[in-house]
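Data block below; observations after.
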2 protein chains.
Amino acid sequence: MIRITRLTDYGIVLLSRFAGAEQGAVLSARELSSETGVPLPTTSKILKTLTRAGLLTSHRGTQGGYSLARPPEEVTVSDVIGALEGPIALTDCSGEADGTCDIELTCPVRTNWQRITDAIREALEAIPLTEMTVSFPFHAGTDGDPDPAVAPATPGRPTTGAALGGGGEA
Amino acid sequence: MIRITRLTDYGIVLLSRFAGAEQGAVLSARELSSETGVPLPTTSKILKTLTRAGLLTSHRGTQGGYSLARPPEEVTVSDVIGALEGPIALTDCSGEADGTCDIELTCPVRTNWQRITDAIREALEAIPLTEMTVSFPFHAGTDGDPDPAVAPATPGRPTTGAALGGGGEA
DNA sequence: CCTATACAGGACCATACAGGTTCTGTATTG
DNA sequence: CAATACAGAACCTGTATGGTCCTGTATAGG
């Protein structure tokens, strides 16, 4: 339902941990797992994938672990999604693959999906990791108040919302 | 991978058929199926769901079929997605459901996902059915040229792209 | 030199869900 | 009364996400 996979979600959480630590810090899979609550094997899998994608650098041996390959400001949400689940495409036909869709020839809405997809892609590319790290105070989770933590938050950087919403707020 | 389901894709194609026909036209599942290439049972299933969601009105008996419940300008892409696959939510925690995510309490990026999701939601709400109907000329599909039909299109209404991209284009 | 640590890279399994079909029922037209 | 067409539910199946495990290999430290 227009959703990212949980692996990606976890991936961003893990990476934001690096963004929160000091520049160049080396964190092991074990540490990250216990700190975030993500199961160790899964954590390991995600970190390995991110390393292969060039977002992290690995260090073997005792005292080994992972460190960011680039400064956190240069890693975007789009990068993480791309690394963990391939290129962003809302529909089969909005990616680079042609001919995947049966009705491609008679489809009147194809081009529009591509435009929408491109727009979302660009928007996600505009959100760096540092932007996701901003910790708002949030309620205890007993689903008491739906909004309070969401809407009024926006301390000083509405960048994230602005990138997508534009003047919208419709 | 941030994608909508094929059912939703088909749903929009089917609905755009109504938008193309004259106001209040009654089209049967059989007609729509043969015109769009979407298998009949699937077409039927989608139309039934859309009817239940209040987007279409059904007419039984001989000469029966479906007609739009609202003028096409008032039906948005977001409506269709909502009808066919529930509320838009990139992550478990960006919807209304709380407690679905194991690491919710320690998750530093939750609020941000909600902002991003809201933004995408609003963007999709801004795209009416009539906007998707605009038929661009497109190539024959033998995956010869990847772009030509895509980029230069944009005849006179960049509304779709503008709604999301804002001033970005980053 | 030897051992423990920690990443590398697979293979592997299980559950869930999307995609699609079929069947029975009901209403409307002629 | 018969044919058409929607209503709705049950059902099947292929795929892929989410997650585990196992075998290597490199590094640090005793």
Side-chain angles (χ1 to χ4, degrees), chain A residues 1-11 13-14 25-34 36-69 81 83-86 89-92 100-103, chain B residues 1-11 13-14 25-34 36-69 81 83-86 89-92 100-103:
Chain A
M1 341 156 181
I2 302 214
R3 51 168 48 249
I4 59 171
T5 66
R6 199 184 301 183
L7 257 341
T8 305
D9 193 3
Y10 286 169
V13 172
L14 293 173
V26 173
L27 306 175
S28 71
R30 182 188 302 273
E31 288 175 78
L32 288 166
S33 171
S34 67
T36 59
V38 178
L40 178 57
T42 302
T43 301
S44 189
K45 185 178 189 171
I46 295 172
L47 294 174
K48 279 184 279 190
T49 304
L50 291 175
T51 302
R52 229 171 304 161
L55 296 182
L56 290 175
T57 302
S58 66
H59 307 275
R60 293 186 164 194
T62 314
Q63 301 299 327
Y66 297 88
S67 58
L68 279 182
I81 294 177
L84 291 170
E85 42 185 294
L90 281 183
T91 60
D92 288 328
T100 330
C101 175
D102 315 351
I103 68 171
Chain B
M1 338 154 182
I2 302 215
R3 52 168 46 248
I4 59 171
T5 66
R6 199 185 302 183
L7 257 342
T8 304
D9 194 3
Y10 286 171
V13 172
L14 292 174
V26 174
L27 305 175
S28 72
R30 182 189 301 273
E31 288 176 77
L32 288 166
S33 171
S34 67
T36 59
V38 178
L40 179 56
T42 302
T43 301
S44 190
K45 184 178 188 172
I46 296 172
L47 294 175
K48 279 183 278 190
T49 304
L50 292 175
T51 301
R52 229 171 306 162
L55 296 182
L56 289 175
T57 302
S58 66
H59 306 275
R60 293 186 164 193
T62 314
Q63 300 299 328
Y66 298 88
S67 58
L68 279 182
I81 294 176
L84 291 170
E85 44 185 293
L90 281 183
T91 60
D92 287 328
T100 330
C101 175
D102 315 351
I103 67 171

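What you see below is based on every heavy atom in this structure, not just the backbone, and it leaves out hydrogens, waters and symmetry mates.
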How many whole angstroms separate atom [atom1] of [X] from atom [atom2] of [N]?
{"X": "A:E85", "N": "D:dG19", "atom1": "CD", "atom2": "C1'", "answer": "16 Å"}
{"X": "B:E31", "N": "D:dT4", "atom1": "CD", "atom2": "P", "answer": "14 Å"}
{"X": "A:R6", "N": "C:dA16", "atom1": "CZ", "atom2": "P", "answer": "11 Å"}
{"X": "B:L40", "N": "D:dC6", "atom1": "CG", "atom2": "P", "answer": "9 Å"}
{"X": "A:R3", "N": "D:dA16", "atom1": "CZ", "atom2": "C1'", "answer": "15 Å"}
{"X": "B:D9", "N": "C:dA18", "atom1": "CG", "atom2": "P", "answer": "15 Å"}
{"X": "A:I46", "N": "D:dT20", "atom1": "CD1", "atom2": "C1'", "answer": "14 Å"}
{"X": "A:Y10", "N": "D:dT17", "atom1": "OH", "atom2": "P", "answer": "15 Å"}

* Asked: With side chains defined as the heavy atoms from C-beta onward, is the minimum distance between B:L7 and B:T42 less than 4.5 Å?
  ->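 In contact.
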For residues 46-61 of chain B, please give each side-chain donor-acceptor pair under 3.5 Å, one per line with the distance, not counting sequence neighbours.
residue : atom : partner : partner atom : Å
B:T49   : OG1  : B:K45   : O            : 3.0
B:T51   : OG1  : B:L47   : O            : 2.8
B:H59   : NE2  : B:S67   : OG           : 2.8

* **Side chain of B:L7 (C-beta onward), nearest among D:dG19, D:dG18, C:dG19** =>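 The closest nucleotide is C:dG19.
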* Closest non-hydrogen atom pair, B:G11 against B:L84 ->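 In this case the closest contact between B:G11 and B:L84 is CA-CD1, 4.0 Å.
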* Asked: Reckon A:T5 has a side-chain N or O less than 4.0 Å from the OP1 or OP2 of D:dA16?
  -> no
* Under the side-chain hydrogen bond (donor to acceptor under 3.5 Å, both in side chains) test, which residues partner B:E31, sequence neighbours left out? ->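 B:E31 satisfies side-chain hydrogen bond (donor to acceptor under 3.5 Å, both in side chains) with B:S28 once adjacent residues are dropped.
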* Results of side-chain hydrogen bond (donor to acceptor under 3.5 Å, both in side chains) for A:T8 - residues two or more places apart only ->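 A:T5, A:E85.
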Please list, for nucleotides 5-9 of chain C, all pairs of protein and nucleotide N/O atoms separated by less than 3.5 Å.
residue : atom : partner : partner atom : Å
C:dA6   : O4'  : A:G61   : O            : 3.3
C:dC7   : OP1  : A:A29   : N            : 3.1
C:dC7   : O3'  : A:S58   : OG           : 3.4
C:dA8   : OP1  : A:S58   : OG           : 2.6
C:dA8   : OP2  : A:Y66   : OH           : 2.8
C:dA8   : O4'  : A:R60   : NH2          : 2.8
C:dG9   : N7   : A:K48   : NZ           : 2.8
C:dG9   : O6   : A:K48   : NZ           : 3.3

* Test item: B:S33 side-chain N/O and B:V38 main-chain N/O as donor-acceptor pair under 3.5 Å -> yes
